[in-house]
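Heads up: the structure comes next, in structure tokens.
Because the structure is a prediction, the values reported are computed rather than measured.
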Amino acid sequence: MNDPVVAIAGVTGAVGAEFIATMDRRGFRVGKLKALASARSAGKTIDFRGRQVLIEELDENSFEGVDIALFSAGGGISRKFAPIAVKAGAVVIDNSSAFRMDPSVPLVIPEINAIRIAEHKGIIAVPNCAAITALMPLWPIHRNNRIKRVILSTYQAASGAGAAAMQELVESTRASLNGEAHAPKVFPHTYAFNLFSHNTAIDPATGYNDEETKVIRETRKIFEDDRIAVGVTCVRVPVLRAHCAAITFECERPITEDEVRAMLSDAPGVKVVDDRVRNYFPMPIDASGQDDVLVGRIRRDLSDPTGHSIAIFAAADQLLKGAALNAIQIAELLPQRVMA
Ligand SMILES: NC(=O)c1ccc[n+]([C@@H]2O[C@H](COP(=O)([O-])OP(=O)(O)OC[C@H]3O[C@@H](n4cnc5c(N)ncnc54)[C@H](OP(=O)(O)O)[C@@H]3O)[C@@H](O)[C@H]2O)c1
């Protein structure tokens with residue numbers, strides 16, 4: 001079988017750039033690359049394996065002859081063009097939230113539920129990046145000693161909102177240091193030297209924002225456990241890249257921090273960074289550019305005297321494991337890749 005023709009919808013974005021870098025780094029074989037973005041980028045080029053590839057405007061005809069379509073151009077674009085790509089014969093791996101909760105669409109973190117990939121009907125969804133950051137370290141525990149309840153707070157970086165948000169953080173910080181005014185364009189609030197509740201819409205009935213609702217629903221779908229109770233607070237922090245999460249979980253049976261440390265040490269895609277002597281734990285600066293989700297601060301939750309609860313802290317490069325890497329891992333597991 002020939003190497004697949006791969007299209008990237010959103011090739012000029014923060015995730016798009018990581019698709020290119022990740023395919024390169026992992027030696028993902030590509031017969032031909034179709035680089036797709038908006039009319040703003042059409043006619044420019046991107047570098048792919050030392051060759052300049054022309055960026056085309058995404059339209060209804062973009063997917064003729066495409067085997068794998070990696071989507072990262074927003075939910076609206078995915079809703080409109082992913083079905084067109086499937087009709088043209090491509091398998092779509094979608095980074096947006098458009099299809100994640102569709103019961104016919106597998107929602108996949110390969111280390112957790114790669115087995116669901118085979119059930120796809122054309123579209124496979126990549127979970128929310130905050131959900132991936134939290135679920136990677138929770139899964140090895142959940143599969144050994146069911147987690148009944150999780151409470152987590154996220155510390156989410158600018159890069160989770162794309163290239164323009166990263167620029168806003170840099171520019172607003174520079175302006176602030178220079179004593180100049182800076183009007184926010186991407187976010188509703190001042191970003192430099194500030195933090196704020198996640199910028200997605202709030203459900204007036206529940207008080208939860210969209211990001212939090214995604215984490216709750218996607219956890220249940222990926223763990224295939226409708227009973228797991230999830231409480232979550234999502235916060236945007238002035239960090240350029242890599243999300244963090246402070247997580248406390250309660251298991252069905254008693255659990256010790258040593259058991260958790262052992263389970264996490266053996267878990268694929270997870271790296272334990274837990275040095276109490278040096279006070280060295282997961283940080284965004286260390287997680288940036290890394291495939292692994294870093295996890296540390298592994299300790300008993302002292303608010304639960306029954307010994308069923310543990311607290312941890314995780315950091316992950318959400319442009320990689322939270323988006324591009326997770327998508328390429330899925331692509332590597334597609335049957336046509338196995339046969340190639
Ligand atoms: N950032 C993350 O960590 C992350 C994680 C998980 C999922 N995601 C999802 O990935 C998607 C993109 O995120 P991002 O962070 O890479 O955003 P971004 O940096 O803002 O990039 C957006 C990309 O979409 C393209 N695009 C926008 N409008 C388009 C249109 N009408 N037609 C074709 N292409 C269009 C842009 O092309 P132009 O340059 O031509 O405008 C650009 O390539 C979103 O759905 C996001 O929710 C992001």
Side-chain angles (χ1 to χ4, degrees), residues 13-19 21-22 72 95 97 126-138 151-178 180 182-200 209-212 214-215 232-248 269-275 278-298 311-326:
V15 176
E18 296 302 334
F19 278 141
T22 303
S72 173
N95 268 279
S97 58
V126 174
N128 169 275
C129 47
I132 294 178
T133 304
L135 298 188
M136 282 288 288
L138 289 178
I151 296 178
L152 68 135
S153 299
T154 69
Y155 306 72
Q156 297 186 222
S159 53
M166 296 170 81
Q167 200 179 336
E168 179 144 313
L169 177 56
V170 171
E171 286 175 2
S172 65
T173 305
R174 189 176 294 126
S176 180
L177 289 172
N178 289 337
E180 294 161 4
H182 181 275
K185 292 189 239 27
V186 178
F187 291 121
H189 308 292
T190 299
Y191 204 3
F193 306 107
N194 190 24
L195 57 81
F196 43 86
S197 184
H198 197 275
N199 47 293
T200 42
N209 60 47
D210 266 357
E211 187 82 350
E212 292 162 350
K214 284 175 194 169
V215 171
V232 54
T233 303
C234 289
V235 174
R236 187 75 72 185
V237 296
V239 165
L240 208 52
R241 180 166 173 155
H243 289 351
C244 293
I247 308 167
T248 301
V270 172
K271 184 173 170 195
V272 174
V273 178
D274 198 33
D275 187 339
R278 290 196 305 139
N279 199 343
Y280 206 110
F281 300 107
M283 290 187 277
I285 214 156
D286 287 340
S288 293
Q290 281 229 19
D291 287 352
D292 287 339
V293 176
L294 310 183
V295 60
R297 304 242 42 216
I298 302 165
I312 58 174
F313 190 80
D317 188 328
Q318 92 304 323
L319 289 173
L320 291 175
K321 186 56 195 163
L325 170 64
N326 198 81

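With a 4.5 Å cut-off on side-chain heavy atoms, V232 and I151 do not count as touching. Annotation: side chain of H189 is not in contact with side chain of P184 (no heavy-atom distance under 4.5 Å).
The environment of L195 atom CG is dense: over 12 non-hydrogen atoms of other residues, nucleotides or ligands sit within 6.0 angstrom. Heavy atoms of other residues, nucleotides or ligands lying less than 6.0 angstrom from NZ of K214 number more than 12.
At distances below 3.5 Å, not a single donor-acceptor pair connects side-chain atoms of N178 with backbone N or O atoms of E180. Under the 3.5 Å distance criterion, the side-chain polar atoms of E168 are matched with a main-chain donor or acceptor of K185. Between the side chain of H243 and the main chain of A157, a donor-acceptor pair closer than 3.5 Å is present. Using modelled atom types, one side-chain atom of E212 and one backbone atom of N209 make a donor-acceptor pair closer than 3.5 Å. With hydrogens and angles disregarded, a donor-acceptor distance shorter than 3.5 Å links the side chain of N194 to the backbone of T190. Between the side chain of T154 and the main chain of V235, a donor-acceptor pair closer than 3.5 Å is present. Under a 3.5 Å cut-off, the side chain of Y191 and the backbone N or O of A158 do form a donor-acceptor pair. No donor-acceptor pair under 3.5 Å is formed between the side chain of T22 and the backbone N or O of F19.
Across L169 and L240, no two heavy atoms sit closer than the pair CD2-N, 3.7 Å.
Seen from the ring of F196, R236 does not count as a face-on cation partner, given the 6.0 Å and 45° thresholds.
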Test side chain to side chain contact (heavy atoms under 4.5 Å, CB included) on T173 and L177 and set out the steps.
-> CA-CA 6 Å; T173 305; L177 289 172; 4.2 Å; yes
Starting from the C-alpha separation in whole Å, work towards a yes-or-no answer on side chain to side chain donor-acceptor pair (under 3.5 Å) for Y280 and D286.
-> CA-CA 11 Å; Y280 206 110; D286 287 340; 2.7 Å; yes
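A salt bridge links R241 with D317; the closest basic N to acidic carboxylate O contact falls under 4.0 Å.
In this structure, CG in L294 is found 11.5 Å from CG in D274, a value given to the nearest 0.5 Å.
Counting only N and O atoms by type, the side chains of T133 and Q318 include no donor and acceptor under 3.5 Å apart.
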